[in-house]
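Have a look at the structure below before the remarks.
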Amino acid sequence: MTMKTKLYHHLQSTTTKNPQWNTLLREAANKSLFTKALSLYLHMLRSGASPNAFTFPFAIKSCAALSLPITGKQLHCHVFKTGCLLEPFVQTSLISMYGKCSLIDNARKLFDENPQSRKLTVCYNSLLSGYALNSRVKDVVVLFCEMRELGVEINGVTMLGLVQPCGIPGNLGLGMCVHGFCVKFGLDMDSSVGNCLLTMYVKSGEIDCGRKLFDEMPRKGLITWNAMINGYAQNGLANNVLELYKEMESKGFCPDPLTLVGVLSSCAHLGALSVGKEVERKMEGFGFSSNPFLNNALVNMYARCGNLKKARDIFDGMPVKSVVSWTAIIGGYGMHGQGEVAVELFDEMIRGGIKPDGTAFVSVLSACSHAGLTNKGLDYFGVMERKYGLRPGAEHYSCMVDLLGRAGRLNEARELIESMQVRADGALWGALLGACKIHRNVELAELAFEQVIELEPTNTGYYVLLSNVYTEAGNLEGILRVRMLMRKRKLKKDPGCSYVEFKGRVHLFFAGDRNHPQTNEIYKKLNELENLVKDLDGCKKNDHERREEYLNSMGVHSEKLAVAFALLNTRKETEIIIIKNLRICGDCHLFIKLVSKIVDRQFVVRDATRFHHFKNGFCSCKEYW
DNA sequence: GTAGGGTTAG
């Protein structure tokens, strides 16, 4: 007989046992062992002991944490029978439980039934956070006003309930108002309130306000650092994430899984494989290796950095795979042009009983479009709403426009846009514009361009894309028009850059760059390569024509510098050279294709949306240049 | 001996 069972037996055989039961319950609930706490409660009832005001708060809290409304209601009955309902400790935990179980009206009823409620800050706070959780913003505000009118004390927890719903886009005005109240009541220096305000700012995209608050916070805890790091990560500011993470470590803070998730997702964004690997080592060192969130982030990071094999190994080793894990690996294969594998995995996921969500559909649809699996993609799109009840959003329509557009079905793509119910975004018209470039459709490109710059007037990528459409059509007047428009709007094309990671360092190149220490050797190598490309015979007819065009417009593009640098420094023939390019689409694919044939090396180029694998002058992505 | 709150992957 174990110690534990002995203890149960002992407890069951005594008559005055409430205090012991209560201690056990409290300990379990405080350690977040909520299932255990509830089973202790049941044991207690069976043993004949009656629960009291010191028992209920922990049992009720456990119900709330596990989101068990039916058990919660049963507990409410027990409370009623034992006459504990007017105990403030019991009442507040019941209100909080109803709020967390989405039974906010029950919470309100309980609050109103007891006149004492309107005198106690804790009662107001629990109802307030319930309204916040259930997105009842108006009720939150009304309740707060009532507190002020009645002169009920307002504390930090009150403000937390108020701040929470302000993170929803559109509520920032209210949020700033709440921030003002915090300052007025001297609660803005409370670290929890500060963390909450910080989260509110970064969630509404006001990252600079968030940073200002962060810098001003006198006591920054791990949660504060995490909120800022993940705020940067969610707003796509991956460089800031890595910078802040370094600063955090230099101040002696130990990261937790939440920190590392943000850092890994930024590594994935930047393709910073060496930092990502370092994070993986840290994960192992701190004993976070089995954290499912971190493993999902790791799969995503390896997939996006080009190491699909490693991503797959980690994925296969995960004991529990959620829809997020599947989405990460499916997206990985999709980006690498292995749409067939992505589709197989998606079907396998469904067979395994995992219900796909909107994001899972985005990854499988984009995999289909990159691999040219047009009909398969159309099938998935059809099944999305019919079978899974998921209404397609703008992001799904973008994938479909991309899918149809790449396949040359431009009119169908346009019809799809016209028929859809959701509001079009920039990505949608951008996808159509991209397809027009592939299929050289100037007229439709002009239409798509007009729409896209209406929605994203400062995104220079689209201007460049239209200009490239005109270039290919030999329309000089058009090119000029785009340039004039950019000048009029004071837009400058941000310089595209390419980079190669070599021995744990990132070597970055801009077009015409001469800043690299090996500049002379790089240009010499590039010159050599250009001459080889010029003399190359035996490429396909289509490539031949393109080569002529390419040779007529030779410039020192960033990708070329990256290729020359990589060939200069890596000797192993089996080594794959990965070049990252942050532009909307790389224009030097032909050069890389030809070089890969000449020097018999493998290249992987990543642009903003996907990877292109080059081997022996062959590109495995079904791309339609 | 007791209650109310904040950060979480694509």
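So that the names make sense, note that chain A is the first sequence line, chain B the second, and so on, each numbered from 1.
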Q. Please give, in whole Å, the distance from dT2(B) P to Ile60(A) CD1?
A. 16 Å
Q: Give one of base, sugar-phosphate or nothing for Ser96(A), where a contact means two heavy atoms less than 4.0 Å apart.
A: sugar-phosphate
Q | Between His370(A) and Tyr333(A): side-chain donor-acceptor atoms closer than 3.5 Å | A | no
Q | Lys203(A) side-chain proximity, nearest of dA9(B), dG1(B), dT7(B) | A | dT7(B)
Q. Contact class for Ala227(A) vs. all strands (heavy atom < 4.0 Å): base, sugar-phosphate, or nothing?
A. nothing
Q | Nearest listed nucleotide, side chain of Phe54(A), among dT8(B), dG1(B), dG4(B) | A | dG1(B)
Q) Among dA9(B), dG4(B), dT2(B), which nucleotide sits nearest the side chain of Asn296(A)? A) dA9(B)
**Q.** Atom-pair distance (CG on Leu160(A); C1' on dG4(B)), nearest Å
**A.** 10 Å
Q: Could you label the plane-to-plane angle of the Tyr380(A) and Phe346(A) rings as parallel, tilted or perpendicular, counting under 30° as parallel and over 60° as perpendicular?
A: perpendicular
Q: Can you figure out which of dG6(B), dT8(B), dG4(B) approaches the side chain of Lys61(A) most closely?
A: dG4(B)
**Q.** Atom pair SG (Cys182(A)) and CG (Leu197(A)), whose distance is rounded to the nearest 0.5 Å
**A.** 5.0 Å
Q) Taking the side chain of Pro57(A) as heavy atoms from C-beta outward, which of dT7(B), dG1(B), dT2(B) is closest to it? A) dT2(B)
Q: With heavy atoms under 4.0 Å as the rule, sort Asp357(A) into base, sugar-phosphate or nothing.
A: base
Q) Looking at dT2(B), dG1(B), dG5(B), which one has an atom nearest to any side-chain atom of Asp190(A)? A) dG5(B)
Q.
Please report whether the ring centroid of Phe214(A) lies less than 6.0 Å from that of Tyr201(A).
A. no
Q: Give a yes-or-no answer on whether the side chains of Asn155(A) and Thr158(A) include a donor-acceptor pair shorter than 3.5 Å.
A: yes
Q) For dG10(B), does OP1 or OP2 lie under 4.0 Å from any side-chain N or O of Ser363(A)? A) no
Q) When all nucleic acid strands are considered with a 4.0 Å heavy-atom cut-off, which category describes Ser191(A): base, sugar-phosphate, or nothing? A) nothing
Q: Mark this stacking check for Phe89(A) against dA3(B) as yes or no, applying ring centres under 5.5 Å and ring planes under 30°.
A: no
Q. With sugar-phosphate meaning primed atoms plus P, OP1 and OP2, does Thr327(A) contact a base, only sugar-phosphate, or nothing at under 4.0 Å between heavy atoms?
A. base
Q: For Leu197(A) and dG5(B), give me the distance from atom CG to atom C1', rounded to whole Å.
A: 13 Å
Q.
From C-beta outward on Asn300(A), which listed nucleotide comes closest to its side chain: dA3(B), dG10(B), dG5(B)?
A. dG10(B)
Q. So what does Phe58(A) hit on the nucleic acid, given a heavy-atom distance under 4.0 Å: a base, only sugar-phosphate, or nothing?
A. sugar-phosphate
Q: Nearest whole angstrom, please: distance from the P of dT2(B) to the CG of Leu94(A).
A: 18 Å
**Q.** Within the 6.0 Å centroid threshold, strictly below: Phe54(A) and Phe89(A)
**A.** no
Q. Can you find a side chain N or O atom of Lys220(A) that sits less than 4.0 Å from OP1 or OP2 on dT7(B)?
A. no
Q: Compare the minimum distances between each of dG4(B), dG6(B), dA9(B) and the side chain of Asn195(A), then state the nucleotide with the smallest one.
A: dG6(B)
Q. Rounded to the Å, how far apart are Asn235(A) CG and dG10(B) P?
A. 13 Å
Q) Touch check for Val324(A), heavy atoms < 4.0 angstrom, all strands: base, sugar-phosphate only, or nothing? A) base
Q: Examine the side chains of Asn22(A) and Asn52(A) and answer whether a donor and an acceptor come within less than 3.5 Å of each other.
A: yes
Q | Side-chain-base donor-acceptor pair under 3.5 Å for Thr92(A) and dA3(B) | A | yes
Q. How close or far is atom C1' of dG6(B) from atom CG of Leu128(A), stated in whole angstroms?
A. 14 Å
Q. Which nucleotide in the list dT7(B), dG6(B), dA9(B) gets nearest to the side chain of Ser192(A)?
A. dG6(B)
**Q.** Whole angstrom value for the distance that separates C1' of dT7(B) from CD of Gln164(A)
**A.** 11 Å
Q: Look at all strands and tell whether Asn155(A) reaches a base, only sugar-phosphate, or nothing, counting heavy atoms closer than 4.0 Å.
A: base
**Q.** Proximal nucleotide (of dG6(B), dG4(B), dA9(B)) relative to the Val122(A) side chain
**A.** dG4(B)
Q) For the pair made of CD in Gln234(A) and P in dG10(B), what is the distance, rounded to whole Å? A) 8 Å
